Amino acid sequence: MKPLSLPLVPYLLVAILGVHFYFQEALSDKLLTIAISLISLAYFSFKSIFYWSTLFWGIIFFCLGFCTAHIDQFLPDKHYSQLTTTGINQIEIELQQRLRENTRNHRFYADITAVNGKPAAGKILLHVKKDSNFVPFLLGDKLLVSAPLRPIPSPLNPKGFNYKAYLEQLSIFHQIQTSSNTIEFLGHSMKTLFQSKNLVLKKLDESRLNSSTIAILKTMLLGERSSLDAQTRDQYAKAGVVHLFAISGLHVGLLMLLFQWLLLPLRALPSGHLIHLIGVLILLWCYAFFVGATASVLRSVTLFSAYHLGVQSHRRLPTAYLVLLSMGILVFFHPRFILQIGFQMSYLTVFGILYLQPLMHYKWNFKPLQWIWNLTTVCLAAQIAVAPTSIYHFHQFPGLFLLTNWTILPFIGGFLYLGVGCILWLLFFPLPKIIITLLDWVVQKMNLFVSWVSHQEEFIFSSLVLDKLSLVLLYLILFCCIVGLHQKKMHWYLYAFCSLIILQMHLNTLTTDKEKKLWVTHSYGETIMVEKRGKSIIFHSNALLNEQHFIVRHFIRNFSHASWTTAPLFDGYAIDDQQLYIIGKDWPEELLLQENALILLKNNPTVNLERLIKKHSPKMVIIDGSITPYYIGRWTISLEKSKTPYHITSTMGAYALSSKTWSEGF
């Protein structure tokens, strides 16, 4: 039975699209979602004699998805936001997940249990300043924090990673920034999962394994990605195997095979098949909650649970149908999952393997060659399916991903099983020296190989930029080609060709883009203005800039461009009929400025701002990252007192100016 012919498929699709529609802000994105829904319903409607009923129920399910997403936005009655004040609050929290620390703070996700003595609910991001008084916390620790709630900042430069939106997908809307001396320890959680995980982490830390081996085991098996340093993760990303660090389909699939083998004797009992099925599912879900029940783990365990139920029930339901069913279940209970990049890429990978890999199937008579070919086609299918999304979000493509997967994937199952065995052994006995030597050697060689691949810069295609329309058209072409190859019908190739023509026309409009933009960016301790003239990017600054500077790297990575260069920062710019004056330390105060102009303050100039405002009546005062907090606080009072509009890049982000023309400066 073909999965597309199953009766619930169109309704699952449009229900998921209804959830997607709710979260879209741009009108074009909403219209696109409606168009895809109508096309899907029309396709299924005209294949049935009851086409009007299909259309009717499709609209009902679309509205059901929309309502599900809307209801998910309601906060519980005891949500902390209804109990907190604008000042310092007494907040009781329970640590749920340790995050990778940065240069200044230890970071955690935590559940709020009480605010100012009243029971409360909700999640929070906790920053604890690094200092000599800090005592490492354990998962499940209960703390009393005296601090105000702070909003999570939006990205400060255009097209920057929106950490605020990412945390909102996890239902986290505020953060706490504090230090050790404002935290009171209330006790440890009595939850068995927390105690068990802390015990395993402690045993690993006390083992004689190399620190890099411990970090890899914690990441791959326990979901503790905070143990992994940023350099190692970046190298695995460039090598195309960063998916090893997310506990997802590969890990859960291997563990399911292990659980099936371990529980095989249960089949000898009366009703043994049912007991075996339930036992495997219980172990899978226990593991999911043990490692933190993150989105990637939940979607993988849900998917494999559906698959395992389908296989054991002998109903012969297509795997693709079970995958779509698991996706619908997850989106129904957690609508925000649909916004997560990991969620999207996981399901794209699975659908790519299910529909692309069979098209590459070829039967070899030599078994080792057949095995290598199967591995190659699976990797290719998965990479083709996720490549457009990966480029859209991360702007790079690992050219040597096949080489890395050929080398690592054949051994990853054995490595994971060995790691599971070592962790269980560590709970009771010290690891034998030969096992320690073997694990350390394997991790060392794996890291060395990945490091070598990541340094082959000519095979890492970076600064790739796709806009949303290009992304949709690429997937439309891919979809039409896949359906055409499976059904062997020419009209699908015609649809793919038409989509390709539209994509080419769209890309041509992008290459002939003559739009001009100018940003006053946020860069700590310096003033940098970025000008985009069509496909050229110009960085205006009096500092020495190169490709390693984060502002330069950010813009050339996130904006489609043909070339970039640097230019000196002038004292002013003419923008149409407006003037932008840049006032620094050496600015002569007696200079007359045009009224109603834009003023950019840089490098803490010794200027009487109140007198400047009274004399020149500026339209806007811009304060960039080169100004220290002391001056920002003092000047903000003056600006608010005089009711002069102002823009502070450290809190409001880069200031954008768009214009058809402006001079080189004066």
Side-chain angles (χ1 to χ4, degrees), residues 91-113 122-145 147 150 152 163 166-167 169-172 174-180 182-207 209 211-234 236 242 244-248 251 287-298 340 342 419 423 426:
I91 304 173
E92 295 180 28
I93 61 174
E94 183 177 276
L95 301 183
Q96 299 293 317
Q97 185 178 344
R98 184 184 293 106
L99 305 177
R100 186 181 295 112
E101 62 187 42
N102 56 32
T103 55
R104 292 181 291 179
N105 298 298
H106 302 278
R107 305 187 305 139
F108 304 87
Y109 290 151
D111 283 347
I112 292 180
T113 57
K123 297 180 180 179
I124 203 77
L125 173 64
L126 174 66
H127 294 266
V128 183
K129 186 178 179 181
K130 289 182 176 179
D131 55 38
S132 57
N133 297 324
F134 178 77
V135 178
F137 296 127
L138 299 176
L139 298 180
D141 280 357
K142 297 180 179 180
L143 310 174
L144 176 63
V145 182
R150 300 182 184 275
I152 296 162
Y163 194 47
Y166 170 77
L167 289 180
Q169 296 167 12
L170 305 177
S171 300
I172 298 175
H174 291 88
Q175 62 181 344
I176 297 175
Q177 295 176 320
T178 187
S179 56
S180 302
T182 64
I183 297 177
E184 180 183 344
F185 178 73
L186 299 179
H188 296 291
S189 172
M190 299 306 293
K191 295 178 182 176
T192 305
L193 285 175
F194 281 132
Q195 293 179 341
S196 302
K197 189 168 185 178
N198 286 330
L199 176 62
V200 171
L201 293 172
K202 180 183 177 183
K203 291 290 185 180
L204 270 175
D205 288 331
E206 292 175 351
S207 70
L209 290 167
S211 59
S212 60
T213 306
I214 294 174
I216 293 289
L217 288 175
K218 284 183 178 180
T219 304
M220 288 189 178
L221 290 173
L222 304 176
E224 283 290 305
R225 284 183 281 183
S226 61
S227 305
L228 198 68
D229 62 276
Q231 181 182 2
T232 301
R233 189 184 185 284
D234 185 57
Y236 274 74
V242 73
L244 296 178
F245 293 149
I247 299 179
S248 55
H251 305 71
Y287 175 75
F289 287 104
F290 179 76
V291 297
T294 58
S296 63
V297 180
L298 284 177
Q340 296 181 13
I423 288 174
L426 270 171

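Note that this is a predicted model, so its numbers are computed, not measured.
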### Query
Does OH in Y166 sit with more than 12 non-hydrogen atoms of other residues, nucleotides or ligands closer than 6.0 Å?
no
### Task
Might you point out which heavy atoms bring K123 and L170 nearest each other, and give the distance in Å?
CD-O, 3.6 Å
### Message
Restricting to non-hydrogen atoms, name the atom on A246 and the atom on H251 that form the minimum distance, rounded to 0.1 Å.
### Response
O-CE1, 3.2 Å
### Query
Should V200 and L222 be marked as a side-chain contact (heavy atoms from CB on, under 4.5 Å) after you check the CA-CA gap, both sets of side-chain angles, and the distance that decides it?
CA-CA 9 Å; V200 171; L222 304 176; 3.7 Å; yes
## Note on the structure
Separation between NZ (K142) and OG1 (T113), nearest 0.5 Å, reads 7.5 Å
### Side chain to side chain, M220 and L244, heavy atoms closer than 4.5 Å
yes
#### Entry: L144 side chain near F185 side chain, heavy-atom distance below 4.5 Å
no
#### Entry: L186 side, atom CG; E94 side, atom CD - distance, nearest 0.5 Å
10.5 Å
### Query
Does any non-hydrogen side-chain atom of V297 lie less than 4.5 Å from one of F289?
no
### Query
So do the side chains of L95 and Y109 get within less than 4.5 Å of each other, counting heavy atoms only?
no
### Query
Do any pairs count as a salt bridge (charged side-chain N to carboxylate O under 4.0 Å, His left out) and have a residue in residues 99-111, sequence neighbours left out, and if so which ones?
E101-K130
### Message
Using the rule given for side-chain contact (heavy atoms from CB on, under 4.5 Å), can you reason through L125 versus L167, listing the C-alpha separation, both sets of side-chain angles and the distance that settles it, and then say yes or no?
### Response
CA-CA 9 Å; L125 173 64; L167 289 180; 3.8 Å; yes
### Task
Kindly give the heavy-atom pair with the smallest separation between L221 and G419, and that separation in Å.
CD1-C, 3.6 Å
### salt bridge (charged side-chain N to carboxylate O under 4.0 Å, His left out) pairs, two or more places apart, involving residues 217-229
R98-E224, K197-E224, D205-K218
### Message
Can a donor-acceptor pair be found, under 3.5 Å and without considering hydrogens, that links the side chain of D234 to the backbone of A230?
### Response
no
### Message
For the CD atom of Q195 and the CG atom of L139, what is their distance to the nearest 0.5 Å?
### Response
12.0 Å
### Message
Looking at Y163, I want to see if its OH is surrounded by more than 12 non-hydrogen atoms of other residues, nucleotides or ligands under 6.0 Å.
### Response
yes
## Note on the structure
Value for CG (L99) from OG (S226), rounded to nearest 0.5 Å, stands at 7.0 Å
### Task
Answer yes or no: is there a side-chain heavy-atom contact under 4.5 Å between I216 and L228?
yes
### Query
Hey, are the side chains of D141 and H188 touching, using non-hydrogen atoms and a 4.5 Å cut-off?
yes
### Message
Test side-chain contact (heavy atoms from CB on, under 4.5 Å) on I214 and S227; report intermediate values, then the result.
### Response
CA-CA 8 Å; I214 294 174; S227 305; over 6 Å; no
### Query
Roughly how far, to the nearest 0.5 Å, is CZ of F137 from CZ of F108?
6.5 Å
### Query
Does T213 use its side chain to pair, donor to acceptor, with the backbone of L209 at less than 3.5 Å?
no
### Atom pair CG/CG of L199 and L426 - distance to nearest 0.5 Å
10.0 Å
### Query
Would you say the side-chain atoms of H127 pair up with the backbone N or O of S179, donor to acceptor, closer than 3.5 Å?
no
### Task
Go through F194 and L138 one step at a time and tell me if the side-chain contact (heavy atoms from CB on, under 4.5 Å) criterion holds.
CA-CA 9 Å; F194 281 132; L138 299 176; over 6 Å; no
### Task
Report yes if some heavy atom in the side chain of L204 is under 4.5 Å from a heavy atom in the side chain of L217; otherwise report no.
yes
